[in-house]
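A short write-up of the structure that comes next.
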Amino acid sequence: MNKKFLVLPLAATMLAASIVGCSKESGKPAESTAPATKKDPVTLNIRFFGTENGHYRAVDPAFREFEKRTKETLNTNLNVVWTPPADYGTKHQLWMTSGEDVDLFIPWELNKFAKDGVLADLGKYFNNPQYPGLQKAFSPEYINDNKILGKTYAIPITNTFMDMEGVYYRKDLLKKYGMKDISSYDDLYNFLEKVKENEKDMVPFANYGNTAFFKLFTDINAQQLEGKVFPFTGAGNPKRNFIYAQIADDGKSVAGVAAYGDPASEWAKINPTYGLDYLMNQFNQAKRFNKFIPVDTLSNPNGAQGKQEAAGYVPIGGFKGTEAKIKAKDPNAELGFWPIFKNNQEMKPGTQSTDGKAWNFIAIPASSKKIDRTMEFLDWVFSNQENNDLFTYGIKGTNWEPVGTNQWKIPDGVDPAKNYSFPGYQLTWNPTLTRIPAGLPEQIQKYYEYQYKPDTFKKNVLAGFTFDQEPVKSEIAKCNTVMDKYMPFLLSGFGDVNENLSKMNADLKASGVDKIKAELTNQINAFLAQKK
C-alpha cells in the first residue's frame, strides 16, 4: 500500500485501533517528559480528515482528558476539526494558500507543499534531547528515510512498513467439505468451487470494489527484492500502476521500462518472471476466478448486498473487524487467513521489501505561530505507551483495557459500534508504541508479530527514490483516467485480457505515456548515479 494518501481510504475503512502491533513497554509506570513548570495557555488548531462513525467516533472525552492531565504543565487545549475526505483535498490547499490559523494537519500533497514553502522544516526537533519522546520514537534512520527535498517537512506516521495482505475464508465451510487449510491459489479455487456448488445463497468471493481481486495473484516483495522490478506510477495502488521499470543487476541504471499493453519487444529487457509473464498471470488469474465474484461487480462495487461471503481480500489489520462483521450474520462462522505473498507465508526475515517510507504524515504550516508548542504536544504523545494509548484507544477502563503487556481489548459490556474510535494513522502510529488485539487466533498473532519485527524488512534498490511527477503531471492525470477505465475489467476478470490491454495501450500512448517513461527513466538513473 503507498503508503501515503492513496491507501488512506482503505485504512479508513478499518477500525483504526485494529492495526496495532507488539508493545515495547516494560510494564513500569510511565514517565512523563512534560515540562515541570506550567506554560501559558495555548489552543492548537488541528485538522484531521474523516466522517463521524466512519473514520472516528466519540473522541472528545479523550481530548479533554489530555487537557486535564497536562493542565499544570503543557496547558494546551485542542481544537480538532474533522473534514470529510471528499472535501479535504480542496480545503487543505485553501488553508495553506490563505494562511489560515492551522497548527497541525494531514498533508495529502507533500511534495507540492514542500516545494511551495508552506510547510515548516521540523528537523531541529528530532534527535534532540529537549524532545525525548520524539528522540526515542523517531530514529535518525526513520527520519532520514522520510525526508522531502532533503528536509523534515512532515512527520512520518506508521506502526509498521506492511499490513500483511491476504484472503479471509470461512474455515467452518472448509471443514464441512473435508478440505485442508488454504495454502495456494489452487486450494482457494477448489474451495470457492465447492461454495458455488453447495451454498447457493452465498457469494463465494467478495469483490474488493470494482477491481475485485485487488492485489491477488501478485507478489510485490519478490518482484522488487528478487526481480528488481518496480511498478509505477500509482504510488503503490495497483489500480493506477501502468509502468514497470527494471533496475540493472548492478543496481546502477534502468535496464528496461514498459507500459501495460506495450509489445513484447518493449518488455524484453524486463525479467519476465516479474514483468510480462507476471502481469499476464495476474490478469489471466482474475479471468479464471471471475465466476466467483458478484456478476454486478463493475456497476455495484459495494458488494454482495446483504449476502454472506465465503472469502475475500483483507489485510491482517482488518481481519478482526471482518470476523466480527461475518459473525454478526452467522455466529457459527469461523474464519481463516491465508497470506498471498510468499515471504509472509513463510515468515522469513529480510524478505519484506521496503523503502523505509511511512504510510502517512502529519505536518505543521510554516505560517503557524505555535510550532514549538505543537511539537511539545507531539513529544507528549510519543513519550510513552500510556500517553499514546490515550489517543489511540481512548480512556483506559472506559474504552479499552490492557491484556498482558502488549495487547488490548474492549471492556465487557461496551458496544464496539458506539465506543471510542480514532484513526491512529493520522496521529499516533509509531513502530515503538504498539499493541495487538487480544483474542486473536494463534496463527494470526504470529503474523502480527512477524510484521513488527525490524529484521522482517529489507531496503529495496530504490529506497530513497521519489518520482517527481511535476514535469509530467498532465500526462499522468490523463493516464490515470485511462487506468480507471480499464483496470476494473482487468483486475476483476471481465472481458478479453489481450483486447483490453491493446485498447488501454492505445489510450495510454495518446495520453503521453512515452513521455512519462522517459522522465521516470531519467529520474531513476540520476538517483542511482548519486547513490554511494
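All residue numbers in this chain count up from 1 along the given sequence.
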Exercise for review: For Glu346 and Asn343, indicate whether the former's side chain and the latter's backbone hold a donor-acceptor pair under 3.5 Å.
Suggested key: no
Check your understanding: Can you tell me if Tyr177 and Glu199 form a side-chain donor-acceptor pair at under 3.5 Å?
Key -> yes
Practice item. Enter the distance from Lys269:NZ to Gln246:CD here, rounded to the nearest 0.5 Å. Key: 11.5 Å
Check your understanding: Without hydrogens or angle criteria, can the side chains of Asn430 and Thr432 be said to hold a donor-acceptor pair below 3.5 Å?
Key -> yes
**Study point:** Gln523 (side chain) donor-acceptor with Asp468 (main chain) under 3.5 angstrom
**Key:** yes
Point to revise | Partners meeting side-chain hydrogen bond (donor to acceptor under 3.5 Å, both in side chains) with Glu197 (sequence neighbours left out) | key: none
Practice item. Return the set of residues passing ring-ring contact (aromatic ring centres under 6.0 Å, His included) with Phe382 (not counting sequence neighbours), or none when no residue passes. Key: Phe138
Revision key, fill the gap. Applying side-chain hydrogen bond (donor to acceptor under 3.5 Å, both in side chains) to Tyr274 and not counting sequence neighbours gives Glu226
Revision key, fill the gap. Contacts of Phe341 meeting ring-ring contact (aromatic ring centres under 6.0 Å, His included) (sequence neighbours excluded), chain-then-number -> none
Exercise for review: Could you list the residues that satisfy side chain to side chain contact (heavy atoms under 4.5 Å, CB included) with Lys509, not counting sequence neighbours?
Suggested key: Asp262, Glu266, Asn505, Val513, Asp514, Lys517
Revision key, fill the gap. Here the gap from Ile364 atom CD1 to Ile155 atom CD1, rounded to the nearest 0.5 Å, amounts to 5.5 Å
**Study point:** Asn281 side chain vs Asp277 backbone, donor-acceptor pair below 3.5 Å
**Key:** no
Practice item. Look at Asp181 together with Lys171 and state whether they make a salt bridge at an N to O cut-off of under 4.0 Å. Key: yes
Check your understanding: Does a side chain donor of either Asp87 or Thr83 reach within less than 3.5 Å of an acceptor in the other side chain?
Key -> no
Review point. Would Phe217 and Tyr185 satisfy ring-ring contact (aromatic ring centres under 6.0 Å, His included), going step by step from the backbone distance to the final call?
Key: CA-CA 8 Å; Phe217 322 122; Tyr185 282 113; 4.9 Å; yes
Revision key, fill the gap. Ser502 meets the side chain to side chain contact (heavy atoms under 4.5 Å, CB included) criterion, sequence neighbours left out, with none
**Study point:** Residues forming a side chain to side chain contact (heavy atoms under 4.5 Å, CB included) with Leu276, sequence neighbours excluded
**Key:** Ala264, Trp267, Met280
Point to revise | Residues in side-chain hydrogen bond (donor to acceptor under 3.5 Å, both in side chains) contact with Lys112, at least two apart in sequence or another chain | key: Asp116
Review point. Quick one: side chain to side chain contact (heavy atoms under 4.5 Å, CB included) partners of Ser265, sequence neighbours excluded?
Key: Pro263
Practice item. Run the ring-centre check on Trp338 versus Phe191 and record whether the distance is less than 6.0 Å. Key: no
Study note, to complete from the structure: Across all chains, not counting sequence neighbours, the side-chain hydrogen bond (donor to acceptor under 3.5 Å, both in side chains) partners of Thr297 are none
**Study point:** Proximity of Phe289 and Tyr189 rings by center, below 6.0 Å
**Key:** yes
Practice item. Tell me, with the steps shown, if Phe422 and Tyr56 meet ring-ring contact (aromatic ring centres under 6.0 Å, His included). Key: CA-CA 5 Å; Phe422 181 82; Tyr56 70 94; 8.6 Å; no
Point to revise | Pair Thr434-Asn159, side-chain donor/acceptor within less than 3.5 Å | key: no
Point to revise | Ring centre gap for Trp82 and Phe49 strictly below 6.0 Å | key: no
Point to revise | Set of residues satisfying ring-ring contact (aromatic ring centres under 6.0 Å, His included) with respect to Tyr169, sequence neighbours excluded | key: none
Review point. Can you name the ring-ring contact (aromatic ring centres under 6.0 Å, His included) partners of Tyr447, sequence neighbours left out?
Key: Phe337
**Study point:** Any donor-acceptor N or O pair under 3.5 Å, side chains Tyr278, Asn271
**Key:** no
